[in-house]
S.K.: 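The following block contains the structure, expressed as structure tokens.
Counting begins at 1 with the first residue of the sequence.
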Amino acid sequence: MKQYYYFYAGLEIVSDLPIPEWDVFEYSKPSNNIDVFISLENSLNEESKIEENLPFISSNNYRFYIPSIGTYRVENGRKITVAPVSGANPQAVRLYLLGSAMGALYYQRGFLSIHASVLQIGNTSVAFCGTVGAGKSTMVAHLTRKGYNLVCDDLCRLDLSKKDQISVWPAAPSFKLWQDTINSLGWDNKTMERDHVRYDKF
């Protein structure tokens, strides 16, 4: 099976499945310091496939099931195992891998992550935070039209390792936007992927 190598959010990652959202972070040769393995399985054990038993959460093990998509297992901050349902949409499989599963992995590794949209303004990053639907991505998308650079949207990992300084790791250079926002920006959704969960979001 072909493997794919990424340096993403400060982590070297080996994945059994391609992650086109991370194309900008892909590299060709792995080092000897792999931080995370993303494994693809046809099925997990029978217990983990029973929806009633999931989610399962402990300090170093998180398992969850998404109907018609698949089962995910996150272990020790080092491994994510994905077992898609037969015929599952690959984009939908990646949606939960890059969101819920990666968020759990950050937590297990002791990273601080936030749900936000972040812009670069000079040498500073500004994070827009709010509840679901507050307009974080919409605000940042409009500001990129003014020349500001997108740092990350949705799940953002913060770096607190330097004294008196908080940094944020760049993430996938894309937005999740509603159709009315796309219209107001004058963009064309024909070149965008539809969010499988929300019909009018791209």
S.K.: List in chain and number order the residues that pass salt bridge (charged side-chain N to carboxylate O under 4.0 Å, His left out) with R78, two or more places apart in sequence or in another chain; answer none if no residue qualifies.
M.R.: none
S.K.: SG/C152 to CZ/R157 distance, rounded to the nearest 0.5 angstrom?
M.R.: 12.0 Å
S.K.: Side-chain heavy atoms under 4.5 angstrom apart, residues restricted to Ile, Leu, Val, Met, Phe, Trp, Tyr: same cluster for W169 and F25?
M.R.: no
S.K.: Throw together a table of side-chain donor-acceptor distances under 3.5 angstrom for residues 1-11, partners on residues two or more places apart or in other chains.
M.R.:
residue : atom : partner : partner atom : Å
Q3      : NE2  : D16     : OD1          : 3.4
Y6      : OH   : I19     : N            : 2.9

S.K.: Is it the case that more than 12 heavy atoms not belonging to Y148 sit under 6.0 Å from its OH atom?
M.R.: no
S.K.: Which pair of heavy atoms, one from I114 and one from A127, lies closest together, and at what distance?
M.R.: CD1-CB, 4.3 Å
S.K.: In Å and rounded to the nearest 0.5 Å, what is the CZ to OG distance from F64 to S100?
M.R.: 4.5 Å
S.K.: Hey, quick one: are W22 and Y96 part of the same hydrophobic cluster, counting side-chain heavy atoms closer than 4.5 Å, chains of contacts allowed?
M.R.: yes
S.K.: Look at the side-chain heavy atoms of Ile, Leu, Val, Met, Phe, Trp and Tyr, link any pair under 4.5 Å apart, and say whether F111 and I34 land in one connected group.
M.R.: no
S.K.: Under the rule for side-chain hydrogen bond (donor to acceptor under 3.5 Å, both in side chains), what residues qualify as partners of E12, not counting sequence neighbours?
M.R.: Y27, S31
S.K.: What is the minimum heavy-atom distance between G122 and Q120, and which atoms define it?
M.R.: O-NE2, 3.0 Å
S.K.: Tell me, please, which residues at least two apart from S58 pass side-chain contact (heavy atoms from CB on, under 4.5 Å).
M.R.: F56, N60, N61
S.K.: Would a hydrophobic clustering, with Ile, Leu, Val, Met, Phe, Trp and Tyr connected at side-chain separations under 4.5 Å, put L98 with V82?
M.R.: yes
S.K.: Rounded to the nearest 0.5 Å, what's the gap from CG on L105 to CD1 on I13? Could you check?
M.R.: 7.5 Å
S.K.: To the nearest 0.5 angstrom, please state how far the OG atom of S15 sits from the CD1 atom of I80.
M.R.: 9.0 Å
S.K.: Return the set of residues passing side-chain hydrogen bond (donor to acceptor under 3.5 Å, both in side chains) with D23 (not counting sequence neighbours), or none when no residue passes.
M.R.: none
S.K.: Would you say OH of Y107 has more than 12 non-hydrogen atoms from neighbouring residues, nucleotides or ligands within 6.0 angstrom?
M.R.: no
S.K.: Around atom CD1 of I166, are there more than 12 heavy atoms from other residues, nucleotides or ligands closer than 6.0 Å?
M.R.: no
S.K.: For V74 and A101, which heavy atoms make the closest approach, and how far apart are they?
M.R.: CG2-O, 3.8 Å
S.K.: Looking at V140 and L150, what are the two nearest heavy atoms and their distance?
M.R.: CG1-CD1, 3.8 Å
S.K.: Report the C-alpha distance between T81 and E75 in whole Å, list the side-chain angles of each, state the deciding distance to 0.1 Å, and finish with yes or no for side-chain contact (heavy atoms from CB on, under 4.5 Å).
M.R.: CA-CA 8 Å; T81 304; E75 300 171 279; 4.2 Å; yes
S.K.: Considering all heavy atoms of both residues, which atom of G77 and which atom of V36 are nearest to each other, and what is their separation?
M.R.: O-CG2, 4.1 Å
S.K.: With distance as the sole test, does K136 use its side chain to make a donor-acceptor pair with the main-chain N or O of S117 at under 3.5 Å?
M.R.: no
S.K.: At what distance, to the nearest 0.5 angstrom, does OG1 of T131 lie from NE2 of H115?
M.R.: 9.5 Å
S.K.: Would you name the heavy atoms of E41 and P84 that are closest together and state the gap between them?
M.R.: O-CD, 3.5 Å
S.K.: Can you hop from V126 to M139 via hydrophobic side chains spaced under 4.5 Å?
M.R.: yes
S.K.: Measure the CG-CZ distance between N76 and R109 for me, rounded to the nearest 0.5 Å.
M.R.: 10.5 Å
S.K.: Checking L155 now: which residues fulfil side-chain contact (heavy atoms from CB on, under 4.5 Å) with it, not counting sequence neighbours?
M.R.: M102, Y106, S113
S.K.: Would you say the side chain of R73 lies within less than 4.5 Å of the side chain of S39, judging by non-hydrogen atoms?
M.R.: no
